[in-house]
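The structure appears below as structure tokens.
Convention: sequence-line order gives letters A, B, ...; per-chain numbering from 1. We use all heavy atoms of the structure for the numbers below, so side chains are in, but hydrogens, waters and symmetry mates are not.
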Amino acid sequence: MPELPEVETVRRGLQKVFEGSALLRVNARRPDLRFPFPERFVERLEGRRVTALDRRAKYLLGRLDSGETLVMHLGMSGSFRIEEQAAPIPSPSQGEGRVGVLAASETPGDFVYPRSKDATHDHVLFEFESGARVAYNDPRRFGFMTIVETAELDAHPLFKDIGVEPLGEAFTPAHLAGLLSDVKAPLKSALLDQRRIAGLGNIYVAEALHRARLSPLKPAGEASRVKVKALHGAIRQVLEEAIEAGGSTLRDHRQADGALGYFQHTFAVYDREGAGCGHKGCRGMIARVVQTGRSTFYCPECQR
DNA sequence: ACAACCTCCTGGGGGC
DNA sequence: TGCCCCCAGGAGGTTG
């Protein structure tokens with residue numbers, strides 16, 4: 001599912017639930033996703049307050065008051081769902097309530113509110129002190145979660161080789177030119193490589209290259225200075241527009257509140273084989289080719 | 001060092 | 001209706 005805009009959309013949706021709230025209860029309903037959950041996964045989360053929910057590349061980072069970070073990746077089909085904003089757990093001063101203690105009628109580790117129909121793929125359930133409940137759903141289980149010491153995050157194998165944030169200040173035309181110079185691999189693969197730029201995936205690479213009128217097949221190092229500058233602008237622009245639109249909903253992407261993204265209606269090339277190019281004055285037709293096993297969509301007429 | 005694969009897993013859609 | 005094959009937004013791991 002998710003590339004940078006989808007992950008960022010999810011982050012913004014989850015932020016109001018995660019940030020500042022303590023995790024009362026966490027339920028990992030199976031021992032693994034793509035990888036096994038780390039040692040004492042649940043114990044390291046329960047009772048911890050989430051101080052911030054950040055994003056790096058396509059990862060969500062839940063900063064915990066324990067000095068650890070909950071690292072979450074959505075893989076291809078992962079999504080979060082804010083299940084219900086239940087009544088807050090009453091505080092002791094309000095009488096009967098006992099903070100952190102569940103009502104007897106609740107089944108430990110399960111939501112008491114109605115779940116969506118594909119709850120079989122609800123693999124992790126978060127319940128907050130605020131009463132909010134969040135389900136992580138992932139049919140294909142290519143996603144994963146782990147917990148890393150926050151101070152060691154940048155040096156962690158998952159992050160140490162991750163490239164520049166394309167919406168950050170460090171991503172300039174000159175930086176992009178440096179990333180691509182002397183690279184013999186085609187632009188498509190160069191841009192998909194998370195070690196260069198963090199967060200682009202199959203959709204937004206295709207869309208950005210089309211906007212810049214660059215062929216995905218062209219060796220990255222052969223793009224002209226002018227084209228690289230256009231590509232830089234196109235990458236930023238397409239990502240910003242997609243975030244603004246709430247991401248792209250192809251199959252299962254939802255914003256955390258359940259809303260659909262609608263950037264897919266703006267695709268110029270992705271999954272549009274046979275359609276007209278759409279660039280002013282171009283009579284070309286969108287083609288589909290396969291590069292390293294994955295679909296590439298582009299206009300052979302004007303993307304050079 | 002690098003690039004081309006293969007792999008994990010489930011579900012949806014098209015063709016017959 | 002059913003079955004089979006292909007395809008899918010990622011990316012770590014292995015091979016050459």
Is any side-chain heavy atom of A:Leu239 less than 4.5 Å from a side-chain heavy atom of A:Leu200?
yes
Whole-Å distance, A:Phe144 CZ to B:dC9 P, equals 16 Å
Within the pair A:His121 and B:dC9, is there a side-chain N or O less than 4.0 Å away from OP1 or OP2?
no
Counting only side-chain N and O atoms of A:Arg195, is one of them less than 4.0 Å from OP1 or OP2 of B:dC2?
no
Whole angstrom is fine here: how far is it from OH in A:Tyr136 over to P in B:dC9?
15 Å
Counting just side-chain N and O atoms, does A:His73 come under 4.0 Å of either OP1 or OP2 of C:dA11?
yes
Using a heavy-atom cut-off of 4.0 Å across all strands, would you classify A:Tyr59 as base, sugar-phosphate, or nothing?
sugar-phosphate
Indicate whether OP1 or OP2 belonging to C:dA11 is found under 4.0 Å from a side-chain N or O atom of A:Arg34.
no
Are the ring of A:Phe142 and the base ring of B:dC9 both nearer than 5.5 Å at their centres and tilted by less than 30°?
no
Using only heavy-atom distances, decide whether a donor-acceptor pair under 3.5 angstrom links the side-chain of A:Arg140 to the base of C:dA8.
yes
Gap between atoms CG and P, on A:Leu250 and B:dG11 respectively (whole Å):
18 Å
Check the distance between C:dG10's C1' and A:Asp138's CG and give it to me in whole angstrom.
11 Å
Can A:Val124 be reached from A:Ile147 by stepping across I, L, V, M, F, W or Y side chains whose heavy atoms are under 4.5 Å apart?
yes
Can you name the closest pair of heavy atoms from A:Thr150 and A:Glu68 and give their distance?
OG1-C, 3.1 Å
From CD of A:Gln194 over to C1' of C:dG12, roughly how many Å is that when rounded to an integer?
12 Å
Within this structure, what is the CZ-to-P distance between A:Arg141 and B:dC8, rounded to whole angstrom?
12 Å
With heavy atoms under 4.0 Å as the rule, sort A:Lys184 into base, sugar-phosphate or nothing.
nothing
Starting at CG of A:Leu74 and ending at C1' of B:dC8, how long is that distance when rounded to a whole Å?
17 Å
Give one of base, sugar-phosphate or nothing for A:Ser295, where a contact means two heavy atoms less than 4.0 Å apart.
sugar-phosphate
Could you pull out the closest heavy-atom pair between A:Ser295 and A:Lys188, with the gap in Å?
O-NZ, 2.9 Å
Once you apply a heavy-atom cut-off of 4.0 Å, does A:Tyr270 come out as touching a base, just sugar-phosphate, or nothing?
sugar-phosphate
Spacing between A:Asn202 atom CG and C:dA8 atom C1', to the nearest angstrom
9 Å
In the structure shown, which nucleotide is the Watson-Crick or G-U wobble counterpart of B:dG14, with both distances under 3.5 Å?
C:dC4
Can you find a heavy atom in the side chain of A:Leu53 that is under 4.5 Å from one in the side chain of A:Met72?
yes
